[in-house]
Student: 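First the structure, which I've put down as structure tokens, then a few questions once you've had a look.
Chain letters run A, B, ... following the sequence lines, proteins first and then strands; every chain starts at 1. Computed from a predicted structure; not experimentally measured.
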Amino acid sequence: MPTQTILITLIALLIFSYFIGHKRSIAVSSLDKGRRNLHSRPHYYGYMVAIWAGIPALLILMLWSAFNSSIVTSLTVSGLPETIQAESKDTLGLIINEVKNLAVSGQIAEETDAVKRDAAYHYQRLQSISTLAKTVVVFVAALLGMLFAWRLINPELRARNKVETVVRWSMIVCASIAILTTVGIVFSVLFESIRFFESVPPSDFLFGTKWSPQTSIRTDQVGSSGSFGAIPLFVGTLLISAIALIIAVPLGLMSAIYLSEYSSRRVRSFAKPTLEILAGIPTVVYGFFAALTVAPFLRDLGESVGLSVASESALAAGVVMGIMIIPFVSSLSDDVISAVPQAMRDGSYGMGATKSETIRQVVIPAALPGIVGGVLLAASRAIGETMIVVMAAGLSAKLTVNPLEAVTTVTVQIVTLLTGDQEFDSPKTLAAFALGLGLFVITLLLNFVALHIIRKYREQYE
Amino acid sequence: MTDVINTMPGMPRAVPLESETPKPAVDAITGEKHRSEFDVEINGTVGKPLVDNAKMSSRNCDVFYGDKQAIFGVDLDIGNNEIIAMIGPSGCGKSTFLRVLNRMNDTISICRVTGEHTLDGEDIYGKKTDPVLLRARVGMVFQKPNPFPKSIYDNVAYGARLHGLASNRSELDDLVEASLIKAGLFKEVKDDLQKPGTGLSGGQQQRLCIARAIAVDPEVILMDEPTSALDPIATATIEELMDELRSNYTIAIVTHSMQQAARVSQRTAYFHMGKLVEVNDTDKVFTNPEHQLTENYITGRFG
Ligand SMILES: Nc1ncnc2c1ncn2[C@@H]1O[C@H](COP(=O)(O)OP(=O)(O)OP(=O)(O)O)[C@@H](O)[C@H]1O
Ligand SMILES: [Mg+2]
């Protein structure tokens with residue numbers, strides 16, 4: 001039975017277990033003044049039986065599927081003639097792949113090489129044995145579990161507590177999966193970065209001001225070593241993010257204040273969703289808007305006042321990015337500002353404060369933690385943004401803080417490093433991991449600072 | 001002393017209560033009890049709602065929340081340096097009327113106020129009157145302590161800074177200290193002036209709010225159930241404080257505690273379903289009320 005069929009049948013079995021558990025709990029209990037003398041409500045007994053039937057069976061199914069392929073493969077290999085087994089690892093791998101393809105294609109009989117043909121048959125046989133065994137074992141486990149739990153049922157059985165325990169553990173498992181994934185990603189980035197730093201010294205990477213990651217494929221070529229100074233990239237990233245935040249924070253905050261304090265309900269009900277649409281526009285659309293509309297406009301504007309503006313400029317990318325992240329600032333700020341209690345405002349009005357004084361001195365400080373959160377979200381969005389920069393700010397890794405020139409950012413360079421053909425372990429490819437690590441550290445720092453700010457003010461403001 | 005100039009102002013607007021709140025003729029559960037309450041008509045205010053040394057006065061006050069009328073033709077004076085207590089069942093419009101006096105109702109968009117209202121004879125709803133300045137003269141203390149998310153010092157200095165009452169730091173320090181002393185809070189917090197005001201206990205917070213209100217040196221202080229969230233000890237502190245404040249300020253206090261009204265006020269106003277039923281010297285209201293509804297309320301028959 002293929003895995004999907006097993007799963008569907010298993011689910012049907014679980015539903016069945018629920019009902020028999022439910023029914024049995026009622027059968028074993030007796031009525032006392034209209035109440036059953038059960039410890040838990042009947043459906044908890046149903047859940048318990050279903051859990052006993054489902055969890056062991058599902059675990060077995062998962063483990064089996066995970067190890068099936070490698071066990072079957074190694075069994076197939078050990079069935080091959082000794083001479084082939086003695087081949088190098090790569091060759092053996094190739095042969096095994098051929099055998100597997102053959103077995104799946106269903107045209108084994110047409111194969112001329114007798115060894116491969118036999119191996120393919122062998123592989124097919126092993127697979128079908130494995131599938132059969134899997135089906136049997138899973139259902140036996142499910143039925144045994146069901147029977148076991150079903151027999152456990154008696155009025156004193158604390159089914160509710162058992163079910164709650166299982167629920168708690170499944171929550172813990174889910175949370176751990178999220179955490180472990182994060183840890184896994186961090187470590188993989190870390191290890192690849194360490195490999196990168198084996199070929200490029202960290203000081204060159206951290207303090208170098210020249211970025212040209214072109215390494216040659218053959219070592220005897222001229223100009224074979226690229227230079228990996230990441231400073232221009234990080235400066236570019238910070239420059240563009242700073243421009244974006246300079247645009248987004250005042251605009252976003254002001255619109256949030258307008259929406260929550262001044263606008264009528266009608267305006268708000270229409271303006272707020274409209275503003276939030278900004279966050280839903282695909283970044284590539286912003287990208288060509290920046291490249292085709294804003295950048296030329298800024299260039300012409302610059303020319304008319306005698307400034308030379310590059311046709312791809314940090315300013316164009318930053319401005320458009322700023323517009324993109326406005327909703328992150330405005331929406332979150334609006335929510336926290338609206339959440340400031342009316343009593344606080346009344347207190348201020350009652351002292352003879354005007355509306356704007358009240359907003360500046362009472363509402364904003366009270367809402368500050370949330371506002372900082374929104375700004376931070378916007379900042380990390382800006383730092384991670386790639387598409388707009390590729391299209392509007394260019395690829396030249398120039399070290400400059402002049403917003404009118406073309407710059408490039410960390411994320412854009414990661415993309416260019418990893419697109420196209422290259423060896424996986426060349427410094428050029430590994431540099432992407434080092435850049436990723438750098439970016440990660442920066443966002444981590446940003447989060448750390450924000451948490452600190454929030455905690456500091458929260459003590460004061462709640 | 002406040003002299004009576006008009007014990008029975010003619011008020012033709014009086015409407016039988018049944019017309020606003022249609023109720024079943026006989027209450028299904030309690031039967032008779034409710035009907036007697038509605039049998040009494042309110043034909044204007046009895047007692048002495050008007051005085052000759054009025055600090056604030058309202059005439060023909062109607063208040064509407066949208067289409068719903070919350071106050072019906074109230075005439076009331078608040079005498080200079082007196083404490084007037086406002087009592088009445090929940091929802092009868094005490095808070096609403098109090099908020100008329102410093103135009104806090106302006107902050108509620110659906111609220112509409114009519115009638116003539118004056119402070120020292122000046123129209124407070126006039127075109128020329130700035131509600132912001134009015135509220136500096138008529139301060140307010142709310143039912144729930146609502147200190148700002150700032151330090152104790154900044155809470156008290158808030159109004160003074162807004163209105164530029166102190167020209168330098170030491171003047172401001174003195175003002176903060178004086179206000180805290182008047183509110184009876186200084187001893188407890190004098191070493192923690194930079195700590196957040198929100199970290200104080202409920203009673204301390206309420207005294208902080210009073211200190212904050214008197215720091216701007218208002219002429220009138222409106223208090224809306226200022227002790228309803230406090231324990232008896234904190235309540236006693238605030239009541240003593242009100243007694244001391246009376247020599248310099250005029251105070252209107254809304255309270256649900258009749259003992260409190262009896263302890264702190266000179267005159268008491270009884271509101272019922274948006275109407276001002278009776279205003280009299282506090283002693284008289286609690287010993288010998290003129291109106292049947294007042295008597296019912298203070299003897300605990302309803303409300
Ligand atoms: N913001 C508002 N919007 C609409 N109606 C309101 C509003 N505030 C008060 N009301 C209505 O006005 C009437 C009087 O309310 P008010 O708050 O003045 O009563 P109160 O006497 O202070 O009652 P309590 O003793 O419970 O505080 C009530 O019927 C109430 O429903
Ligand atoms: Mg009230």
Student: Give, as side chain, backbone, both or neither, the part of B:Arg103 having an atom under 4.5 angstrom from any heavy atom of chain A.
Tutor: neither
Student: Pick one of side chain, backbone, both or neither for B:Val141, based on which atoms fall under 4.5 Å of a heavy atom in chain A.
Tutor: neither
Student: Are any of the side-chain nitrogens in B:Asp120 or B:Arg137 under 4.0 Å away from the carboxylate oxygens of its partner?
Tutor: yes
Student: For chain B, find which of A:Ser264, A:Ala353, A:Pro341 contributes the most heavy-atom pairs closer than 4.5 angstrom.
Tutor: A:Ala353
Student: Sub-3.5 Å donor-acceptor pair from the side chain of B:Glu82 to the main-chain atoms of B:Ile84, do we have one?
Tutor: no
Student: Does A:Arg268 pair with A:Asp334 as a salt bridge, N-O distance under 4.0 Å?
Tutor: yes
Student: Do any N or O atoms from the side chain of B:Gln206 and from the backbone of B:Gly203 form a donor-acceptor pair under 3.5 angstrom?
Tutor: no
Student: Using heavy-atom distances under 4.5 Å, tell me whether B:Pro147 contacts chain A through its side chain, its backbone, both, or neither.
Tutor: backbone
Student: Between B:Leu222, B:Asn146, B:Asn102, B:Leu134, who has the most heavy-atom pairs with chain A when the cutoff is under 4.5 Å?
Tutor: B:Asn146
Student: Can B:Glu177 and B:Lys182 be counted as an ion pair, charged N to O under 4.0 angstrom?
Tutor: no
